[in-house]
Protein chains: 2
Amino acid sequence: MSEIRERALLEPLEKFLGYQLRRVSAACMAHLANALTAQNLSPTLGTVLLMIKANPGATQARIGRSLAMQRANIAPLIARLEHDGLIVRKVCDGRSFGLACTPKGEALGKRVRQIITDHEAELFRALTEDEQKQLLDLLIKMRGSVAAAS
Amino acid sequence: MSEIRERALLEPLEKFLGYQLRRVSAACMAHLANALTAQNLSPTLGTVLLMIKANPGATQARIGRSLAMQRANIAPLIARLEHDGLIVRKVCDGRSFGLACTPKGEALGKRVRQIITDHEAELFRALTEDEQKQLLDLLIKMRGSVAAAS
DNA sequence: TATTGTTATACTCTATAACTATA
DNA sequence: TATAGTTATAGAGTATAACAATA
């Protein structure tokens with residue numbers, strides 16, 4: 001460890017929302033990824049598992065649309081969750097399946113939710129509860145606008 | 001286009017800051033990537049270019065630390081910017097180089113900054129100026145806490 | 001015709017390890 | 001010993017195109 005702290009560089013994008021969003025989100029995802037390693041799940045896989053848990057019977061196309069993921073990208077994730085015995089596919093209409101968690105998937109989903117809750121409590125403790133609520137509301141307000149612009 | 005809108009799925013992570021951060025950030029980055037395609041730059045390359053423009057003489061190691069990027073990952077980006085004639089490397093201390101923009105890099109940097117400004121104005125127009133300021137302040141407040149937790 | 005699931009493929013970003021050269 | 005830059009490599013996530021089967 002050098003004891004001399006180097007002078008910080010100027011951040012020309014400091015005042016840009018997109019830049020700060022990216023920096024905070026990236027750090028947050030890295031922290032969550034670390035918290036989920038013991039469950040052998042990435043944040044993405046954990047999110048898909050929780051979506052299936054919350055929406056039993058939904059097809060992977062609908063899950064994908066809801067998470068803004070391509071069908072082509074969600075397919076291997078579903079296969080992985082099924083291979084791990086966390087979800088099952090029930091024939092839906094001949095070309096699609098209704099997804100649902102197995103008991104093992106349900107149990108893991110509960111654990112994942114708790115891990116995310118703990119991870120967020122630690123990561124966001126610098127913000128007051130009011131500030132956390134404010135931030136959440138602003139982000140949710142953004143969601144509609146951002147989706148429309150894409 | 002089907003005229004029947006499908007029922008929205010439940011979002012079990014709706015109330016989680018990390019989830020909303022990720023969704024908004026991802027959409028924002030996709031939008032910016034699109035806005036930068038004509039300049040043949042990704043958001044990451046554009047950010048590195050602007051960092052060099054704002055901090056002439058800085059080494060790539062310092063740029064990388066400031067952007068939370070590994071030396072190994074920033075090396076090819078620097079090589080690419082140099083190959084494109086956007087930056088130059090001046091010998092610094094025998095094992096490192098001071099980076100600086102060429103006139104071409106300066107000009108492109110200005111254009112990139114304007115593109116980002118326009119992109120953000122469009123994407124964040126759903127928020128009032130006060131809300132944008134609030135969001136920025138909350139994100140910046142997070143930065144310190146998040147960095148400490150990693 | 002449109003949708004579902006799948007495969008193949010490529011690209012970006014990231015993470016780690018190892019190496020050389022220099023401080 | 002620590003740091004700078006580089007290379008190799010692997011992994012996650014995403015994008016597009018194409019295909020067969022079904023609606």
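Residue numbering restarts at 1 for every chain, and letters A, B, ... go by the order of the sequence lines. Excluded from the calculations below are hydrogen atoms, water molecules and symmetry mates; all remaining heavy atoms, backbone and side chain alike, are included. The structure displayed is predicted, hence computed values, not measured ones.
Here the closest heavy-atom approach between residue C101(A) and residue L49(A) is recorded as SG-CD1, 3.9 Å. Of all non-hydrogen atoms in L10(A) and P12(A), the two that sit nearest each other are O-CD, 3.3 Å. Looking at every heavy atom in both residues, F124(A) comes nearest to C28(A) through CZ-SG, 4.0 Å.
R80(A) has its CZ atom 13 Å from the P atom of dG11(D), to the nearest Å. Look at CG on L32(B): it is 15 Å from C1' on dC13(C), rounded to the nearest Å. Straight-line distance from the CD1 atom of I63(A) to the P atom of dT6(C): 14 Å, rounded to whole Å. One interatomic measurement links the two molecules: CE of M29(A) to P of dA15(C), which rounds to 13 Å at whole-angstrom precision. Put simply, CD1 on I74(B) is 13 Å from C1' on dT6(D), counting in whole angstrom units. Distance R22(B) CZ to dA12(D) P: 15 Å, rounded to the nearest Å. As rounded to whole Å, 14 Å separates atom P of dT16(D) from atom CE of M69(A). To the nearest angstrom, P of dT4(C) lies 14 Å from CZ of R89(A).
Applying the side chain to side chain donor-acceptor pair (under 3.5 Å) rule to Q20(A) yields the partners R143(B); only residues at least two apart in sequence or on another chain are considered. In this view, K15(A) satisfies the side chain to side chain donor-acceptor pair (under 3.5 Å) rule with no residue, not counting sequence neighbours.
No side-chain heavy atom of V48(A) sits under 4.5 Å from any side-chain heavy atom of I87(A). Residues T117(A) and F16(B) have side chains in contact (heavy-atom distance under 4.5 Å, counting atoms from C-beta outward).
Considering only the side chain of S96(A), dG5(C) comes nearest among dG5(D), dT16(D), dG5(C). When each of dT4(C), dT7(C), dG5(D) is scored by its nearest atom to the side-chain atoms of A61(B), the top-ranked nucleotide is dG5(D).
Within the 4.0 Å cut-off from OP1 or OP2 of dT14(D), not a single side-chain nitrogen or oxygen of Q70(A) is found. Taking side-chain N and O atoms only, Q60(B) has a distance below 4.0 Å to OP1 or OP2 of dT6(D).
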Walk along nucleotides 17-23 of chain C from 5' to 3' and tag each nucleotide B, S or - by protein heavy-atom contact under 4.0 Å, base first, then sugar-phosphate. B----BS
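The residue among R65(B) and P76(B) whose nearest nucleotide of DNA chain D is located toward the 5' end is R65(B). Residues N73(A) and A30(A) both approach DNA chain C. Their nearest nucleotides, taken by heavy-atom distance, put N73(A) toward the 5′ side.
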Side-chain donor-acceptor distances from residues 64-79 of chain A under 3.5 Å, at least two apart:
| from | atom 1 | to | atom 2 | distance (Å) |
| --- | --- | --- | --- | --- |
| R65(A) | NE | E6(B) | OE2 | 2.9 |
| R65(A) | NH2 | E6(B) | OE1 | 2.8 |
| R65(A) | NH2 | E6(B) | OE2 | 3.3 |

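Within the structure, salt bridge (charged side-chain N to carboxylate O under 4.0 Å, His left out) pairs that include any residue of residues 100-124 of chain A comprise K53(A)-E106(A) (at least two apart or interchain).
Residues from residues 38-56 of chain B lying near DNA chain C, meaning a heavy-atom separation below 4.0 Å, are S42(B), T44(B) in numerical order.
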